[in-house]
Amino acid sequence: MRSLRRHRVLAAVLLCAAAVLAARPTAAESGGVGGGDGGVSPASVPVDAGVSAQVARLFEEAAVATQQYEAGRRAADRQRTQARRMEKLLGRERRQLAAFNADLGRIARAQYREGGGMPYTAQMLLADDPDELMRGQRAGRQADLALDKAVTRSRRAEARFAAGKARAATAWRRLEKRNSELGEIKQDIQRKLEQAQWTLQGQADASVAAGSCRGAVRLEQPNPSRTRPWVAPVESYELSAGFGSGGERWSSRHTGQDFAVPIGTPVRAVGAGRVVKVSCGGAFGIEVVLRHPDGYYTQYAHLAAVTVDLGERVVPGQWIGQSGTTGNSTGPHLHFEVRVTPELGSGVDPVPWLLKHGVRL
């Protein structure tokens with residue numbers, strides 16, 4: 001199971017109801033397939049992408065904003081770490097300077113005790129060995145010069161580290177400010193996305209209530225050349241109810257695998273195939289069924305919108321709809337089934353089936 005990578009799940013616990021609650025398809029479900037690739041779809045015409053496209057665009061904008069926000073946060077953390085490192089170096093330089101000053105004070109006091117307070121000429125006249133005195137004075141001056149140089153170097157280093165600390169702190173504050181702005185942009189996009197998601201869901205609920213499909217919306221598709229032969233039905237998700245699990249909302253056992261995803265999440269064809277059913281009524285709400293070349297069928301249910309028409313051929317990873325919570329559903333998710341026939345009751349566990357095709361959930 002993979003954790004949710006890009007979108008936050010809107011409901012903590014998402015359950016799906018199987019179509020076993022309905023013994024027969026309703027009139028709105030007359031798009032079911034009697035056998036093979038045949039089938040009749042409710043009358044529908046293509047519709048303008050409208051809110052579906054808005055949701056898809058806002059998903060992308062939210063993903064970009066999240067990436068920028070996270071990058072800014074990491075950069076701010078690095079600058080904060082650099083500022084703290086500069087502060088430690090500056091503290092060390094200050095301690096070294098204090099030690100140098102203490103050494104200088106001890107030498108000055110020692111020189112005073114040894115006659116350093118007398119004029120240099122008087123020291124020479126009173127000295128027993130003037131040559132020795134001169135050598136001592138020369139050594140003292142050299143020591144003073146060395147200390148002066150060390151103190152100068154330390155003070156320059158202190159100034160350098162102080163300037164570095166100030167620059168790092170300034171950069172950190174600038175990044176924090178920018179990240180705060182990015183956070184506000186991200187929240188604004190999230191608010192717009194949530195509003196558009198529920199508008200899309202409202203349109204879907206109206207279609208289900210009327211028993212009339214809105215028709216396929218046409219969205220900009222991902223690049224098919226970058227898609228493997230088999231993929232998961234959604235890109236980012238959390239697995240919820242699994243195949244065969246029990247629940248009070250099912251008359252027997254759960255017939256598929258649920259993927260907890262927000263409303264409007266692009267739903268992908270797991271492999272190449274042909275659309276053999278598009279319906280928008282009954283327990284599954286808005287659903288799409290594909291037939292694959294190996295004879296298996298895959299179902300995608302509780303959708304908020306479809307992006308394909310009956311009879312259309314699809315490629316792996318193609319967006320065939322957008323997830324929702326239509327039909328007998330307690331929260332936004334995708335109900336996914338793998339069947340040996342197009343009809344309910346012929347399902348197999350989707351997880352090992354996908355694994356055989358190289359898709360690990």
Side-chain angles (χ1 to χ4, degrees), residues 3-8 60-192 236:
S3 61
L4 186 63
R5 300 192 191 99
R6 285 193 306 181
H7 313 305
R8 299 180 55 192
E60 292 299 320
E61 290 183 5
V64 171
T66 298
Q67 291 172 358
Q68 292 177 340
Y69 176 81
E70 292 300 320
R73 184 185 58 79
R74 289 191 296 269
D77 288 342
R78 289 193 296 270
Q79 284 293 342
R80 187 186 299 110
T81 300
Q82 183 180 358
R84 289 172 179 169
R85 183 175 63 84
M86 296 299 292
E87 187 172 1
K88 289 181 179 178
L89 291 173
L90 183 57
R92 187 170 65 189
E93 284 298 315
R94 284 172 175 164
R95 288 191 296 272
Q96 290 177 351
L97 180 59
F100 280 131
N101 287 334
D103 289 341
L104 183 59
R106 283 193 296 272
I107 291 173
R109 288 191 296 272
Q111 286 180 342
Y112 182 79
R113 287 194 300 269
E114 295 172 2
M118 295 183 184
Y120 182 65
T121 304
Q123 292 182 38
M124 290 185 64
L125 291 173
L126 297 174
D128 294 332
D129 186 350
D131 291 337
E132 183 179 350
L133 176 62
M134 292 179 65
R135 286 194 297 272
Q137 289 289 344
R138 188 162 50 251
R141 284 197 298 272
Q142 289 175 348
D144 289 345
L145 287 173
L147 273 176
D148 288 342
K149 289 180 180 179
V151 169
T152 300
R153 284 197 303 270
S154 181
R155 285 175 175 166
R156 286 176 179 171
E158 180 181 10
R160 186 170 62 253
F161 285 126
K165 176 189 173 184
R167 286 194 300 271
T170 299
W172 168 60
R173 287 192 295 269
R174 188 181 301 117
L175 285 168
E176 286 283 280
K177 183 174 183 289
R178 174 58 179 159
N179 221 32
S180 177
E181 294 170 353
L182 286 172
E184 292 176 0
I185 292 173
K186 179 183 173 184
Q187 290 177 1
D188 183 58
I189 293 173
Q190 205 64 41
R191 284 192 296 268
K192 291 178 181 177
S236 299

Qualifying residues under side chain to side chain contact (heavy atoms under 4.5 Å, CB included), relative to R167, sequence neighbours excluded: A163
Lys/Arg-Asp/Glu bridge criterion (N-O < 4.0 Å) met for R80, D77: yes
Can you give each donor-acceptor pair under 3.5 Å made by side-chain atoms of residues 178-187, sequence neighbours left out, with the distance rounded to 0.1 Å?
from, atom 1, to, atom 2, distance (Å)
N179, OD1, R73, N, 3.4
E181, OE2, K177, NZ, 3.1

Salt bridge (Lys or Arg N to Asp or Glu O under 4.0 Å) partners for R84, two or more places apart: none
Sequence-distant partners of K192, side chain to side chain contact (heavy atoms under 4.5 Å, CB included), two or more places apart: L58, D188
Side chain to side chain contact (heavy atoms under 4.5 Å, CB included) partners for A169, two or more places apart: R173
Residue list, side chain to side chain donor-acceptor pair (under 3.5 Å) with Q82, at least two apart or on another chain: none
